[in-house]
Amino acid sequence: MDRAKSTADEFAAPLTLSLEESSCIFTIKWRNAPGMLVEKFESPQELLTVFLNGNYLRLITTRDLLNMELTDAPQFYEWLTTYDRERVMNLIGQLYFSKSSDVNALPPSQRLRIYLTFDRTLFSVEVREQEYSCFWKVLHNHAPADEAFGKYAGQNKRRNTGTRRKADFEAACKTLREYNLRIPRGTMARFEEPQELVMYLLRDTILSDNHIKKCEFCGRFFIPRRSTRQYCSPACASKQRNLDGFCGEMEVSAAYKRIVANLTAKDKKQKELRRQYCLDGGAVVKPREVLRQFYDENYTHQEQFRSAWETLNKAEKKSWADRKAYEQAKADYLSWLDSRLGFAKRIHIDNDSYLEE
């Protein structure tokens, strides 16, 4: 008779990764801590980015730490968050962020296989893997098939263990065939140290030809479904668009556009009427030159405004000081734009003059 595995046997290693097709379940069992920490991720690559970005609160919450013994919690957090980051970042840098067009032209898996020519010990990690069945999960998600298998298996109850196991196997095959179901592959990998897990996930990511990128806005690592993506989330893409414009501030954008529209219209009118423009004191000015000067000066003022906006929005925790600095930068920029708009409005046509041919 087979001995039933206890929880201690099943999760003997502190880190367990259960893979079911593209998704994965990450389980942490720490010494004598009560229970296990279980988190589900859309893919192993998503779990990898948790370690690359240091976003460990995706794995464990403050409540989990408080449930541990006072002396255990700091040791556990230090253990979970410690791996050879320098080594991992060096590898990612060479394989994914190389300045060589020859390197970038190859798929990530080919880059790795060439790299291993010169560093064979790179992925020599200890890991225990075993296959496991997702049959019950498939039945749970398909009520008619679940009911049918229960009916077939019920007919085998009076058989002895050996013949019943064979009959249940045949009943399961019959059920899947009748309802045209497919059982996805299930793999369980166990690790003793976070370093082993990170290297395992990194190897899987590279060999699957997935791309690792850094978000153009926030700088966090992410693994895109399309290699052309530049941002880790729609929120970052939206913030970058705001930053490229006027940080989403319609009031600032409107003030800028009024100045450009005013001077552009006057430049066009000057060409049509062949008249000079001047200020109230009689000084001759050219709208096109004023507009060019405005663009040059605006760059400095706009960069100061954007810098304050970036500081506020890229910070993990928004502070009152950053908010106050941003509001002041916005007010200063608006004040400068208002002064430039006032100057543009003072420019008028000198009806007694003509432009030289």
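Just so you know, these numbers use all the heavy atoms, side chains as well, and skip hydrogens, waters and symmetry mates. The structure presented is a predicted model; accordingly, all values stated were derived computationally and were not measured. All residue numbers refer to positions in the sequence shown, counting from 1.
Contact annotation: the side chain of Leu181 approaches that of His142 to within less than 4.5 Å [non-hydrogen atoms, C-beta and beyond]. Contact check for Arg111 versus Gln94: no side-chain heavy atoms found under the 4.5 Å cut-off. You'll find the side chain of Gln230 stays beyond 4.5 Å of the side chain of Cys215, heavy atoms only.
Salt bridge status for Glu327 with Arg323: present, with a side-chain N to carboxylate O gap under 4.0 Å. Contact check on Arg292 versus Asp296 returns no salt bridge, with no Lys/Arg side-chain nitrogen under 4.0 Å from an Asp/Glu carboxylate oxygen.
Ring geometry for Tyr256 against Phe294 counts as tilted: the plane angle lies between 30° and 60°, on a 0 to 90° scale. The aromatic rings of Phe149 and Trp136 sit perpendicular, their planes meeting at an angle over 60°, well past the 30° parallel limit. Aromatic ring pairs are classed by plane angle as parallel below 30°, tilted from 30° to 60° and perpendicular above 60°; the pair Phe76 and Trp79 is tilted. Between Tyr326 and Phe305, the two ring planes are parallel [angle under 30°; tilted spans 30° to 60°].
Interatomic distance, Glu297 CD to Trp336 CH2, rounded to the nearest 0.5 Å: 5.5 Å.
Of all heavy-atom pairs spanning Ile212 and Ile223, the tightest one is CG1-CG1, 4.1 Å. For the residue pair Ile206 and Pro108, the shortest heavy atom distance occurs at CG2-O, 3.3 Å.
Stacking of Lys214 on the aromatic ring of Phe97 is not recorded, the 6.0 Å distance cut-off and the 45° axial limit not both being met. The cationic atom of Arg346 (NZ for Lys, CZ for Arg) does not lie both less than 6.0 Å from the six-membered ring centre of Phe343 and within 45° of the ring axis.
A donor-acceptor pair shorter than 3.5 Å can be found between the side chains of Gln328 and Asp332. There is no side-chain donor-acceptor pair under 3.5 Å between Gln110 and Asp209.
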